[in-house]
*Asks:* 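Below is the structure I would like to discuss, written out as structure tokens.
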Amino acid sequence: MDLTAVRTFVSAADAGQFQEAAVDLSITPQAVSKRVAALEKDLGVRLFSRTARGARLTIDGQAFLPYARALLQAEERAAASVLPGRRALRVDVLGRRLSVAGLLRDFHRVYPETELDVVTLFDHETAIAAVRSGMIDATFRTVTMRGRPLPDGVEAAPVFDEPLYLFTGPAHEFAAADAIAPAQLAGRRIWMPGNLPGTEWAAYYDELAAAFGLTIDTVGPNFGIEPLLDTIADSTTLATFVSERTPLVWPAGHDLRRIPLRDPTPVYPHSLIWRTDNPHPALAVMRRHLTSAYPGRPDTGTWAPAWA
């Protein structure tokens, strides 16, 4: 199997568009298309459905993606194994557009000489297993889901409490509010089709819903952020949650609103997780940088699950 084609497939899957993947890989969109087509021919399946808005993974593409990532990680480990002391610090950020990716970018601005290998692992179990096995050096996750303590030899430190905002269209009942209290959302629907059962973020929002009497609607399918924004913009009843650091771009006509939540402010608690015997020197530097920048959670005024 051509690993260059596999790498191109993973980049296109992450980007959601062949053109954006081409920019990331410094090749032409035509080259991306040819590599993916060659991989599809080799596998005998279609990996993407091409649409006017980009490229969406097929069911076969979704099934192949984690194995494709594993292939690339195996290739990287093989290469790094012959370069003692020169391996990049490998860190999982869950999603490249999420706030924790911003934390890692901030770290790299301060320490530009640190070589980073940024990966995106989906679920908590995979990320923790990757830390334990040495596949990655650290991961940003919420710690810890009830009933899922960290294994021996793995530690965590809080690094960022991310305030939540209510995100609505212009006709929503709270669209004109300067701020609202979570209790005001009791009985309201918060649409989050990306909340998959068993994930740490679904566990967080389940606790939030129980604490304040709101309803988390996970009815899908999850077509991504753009269709979600389109639906929210036209709805008088649906809303969702975002953070101040969620990078969102929408058509001017949508007139979407990002409304602070206060009294208390729900915060999504991010921690850095690593293996205690990991000797990578850059890991220690990153840990010091992140933990020294964390001010600590205030005793009052915020909400987070007790297990976090």
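One is the number of the first residue; the rest follow in order along the sequence. Being a predicted model, the structure only gives us computed values, none of them experimental.
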*Asks:* Can you tell if the side chain of L238 reaches within under 4.5 Å of the side chain of T231, non-hydrogen atoms only?
*Replies:* yes

*Asks:* Give me the one residue out of T4, T8, D2 that meets side-chain hydrogen bond (donor to acceptor under 3.5 Å, both in side chains) with R35.
*Replies:* T8

*Asks:* In the structure I gave you, are the side-chain heavy atoms of T114 and M286 within less than 4.5 Å of one another anywhere?
*Replies:* no

*Asks:* Do the non-hydrogen side-chain atoms of R257 and P170 ever get within less than 4.5 Å of each other?
*Replies:* yes

*Asks:* Short question: side chain of W191, backbone of V219 - any donor-acceptor pair under 3.5 Å?
*Replies:* yes

*Asks:* Please report the interatomic distance CD1(I136) to CG(L89), rounded to the nearest 0.5 Å.
*Replies:* 10.0 Å

*Asks:* Give a yes or no on whether the backbone of A186 and the side-chain of R188 come within a donor-acceptor separation of less than 3.5 Å.
*Replies:* yes

*Asks:* For the backbone of T215 and the side chain of R189, can you confirm whether one donor and one acceptor N or O come within less than 3.5 Å of each other?
*Replies:* no

*Asks:* I'd like to know if the side chain of R90 and the backbone of A88 have a donor-acceptor N/O pair within less than 3.5 Å.
*Replies:* no

*Asks:* So F122 and L196, do their side chains get closer than 4.5 Å, heavy atoms only?
*Replies:* yes

*Asks:* Ignoring hydrogens and angles, tell me if any N or O in the side chain of R262 forms a donor-acceptor pair with the backbone of G301 under 3.5 Å.
*Replies:* no

*Asks:* Donor-acceptor pair, Y204 side chain versus T199 backbone, under 3.5 Å?
*Replies:* no

*Asks:* About how many Å separate CG of L65 and OG1 of T120, when rounded to the nearest 0.5 Å?
*Replies:* 8.0 Å

*Asks:* Inspect the contact between R69 and D14 and indicate whether a charged nitrogen and a carboxylate oxygen are less than 4.0 angstrom apart.
*Replies:* yes

*Asks:* With a 4.5 Å heavy-atom cut-off, do L103 and V93 have their side chains touching?
*Replies:* no

*Asks:* Taking G194's backbone N and O only, do any of them form a donor-acceptor pair with W201's side chain (distance below 3.5 Å, no angle check)?
*Replies:* yes

*Asks:* Got a salt bridge between R141 and D92, using NZ or NE/NH1/NH2 to carboxylate O under 4.0 Å?
*Replies:* yes

*Asks:* Between E40 (side chain) and L47 (backbone), is there a donor-acceptor pair under 3.5 Å?
*Replies:* yes

*Asks:* Is any side-chain heavy atom of W303 less than 4.5 Å from a side-chain heavy atom of L261?
*Replies:* no

*Asks:* Where do F18 and A55 come nearest, in terms of heavy atoms and distance?
*Replies:* CE1-CB, 3.6 Å

*Asks:* Please identify which of these residues, Y294, F160, F140, meets the side-chain contact (heavy atoms from CB on, under 4.5 Å) condition with L272.
*Replies:* F140

*Asks:* At their closest point, which heavy atom of H254 faces which heavy atom of D230, and how far apart are they?
*Replies:* NE2-OD1, 2.8 Å

*Asks:* Can you say whether the rings of F9 and F64 are parallel (under 30°), tilted (30 to 60°) or perpendicular (over 60°)?
*Replies:* tilted

*Asks:* Give a yes or no answer on whether the side chain of D137 reaches the backbone of V91 with a donor-acceptor pair at less than 3.5 Å.
*Replies:* no

*Asks:* Does any non-hydrogen side-chain atom of V45 lie less than 4.5 Å from one of T58?
*Replies:* no

*Asks:* Hey, are the side chains of P182 and L214 touching, using non-hydrogen atoms and a 4.5 Å cut-off?
*Replies:* no

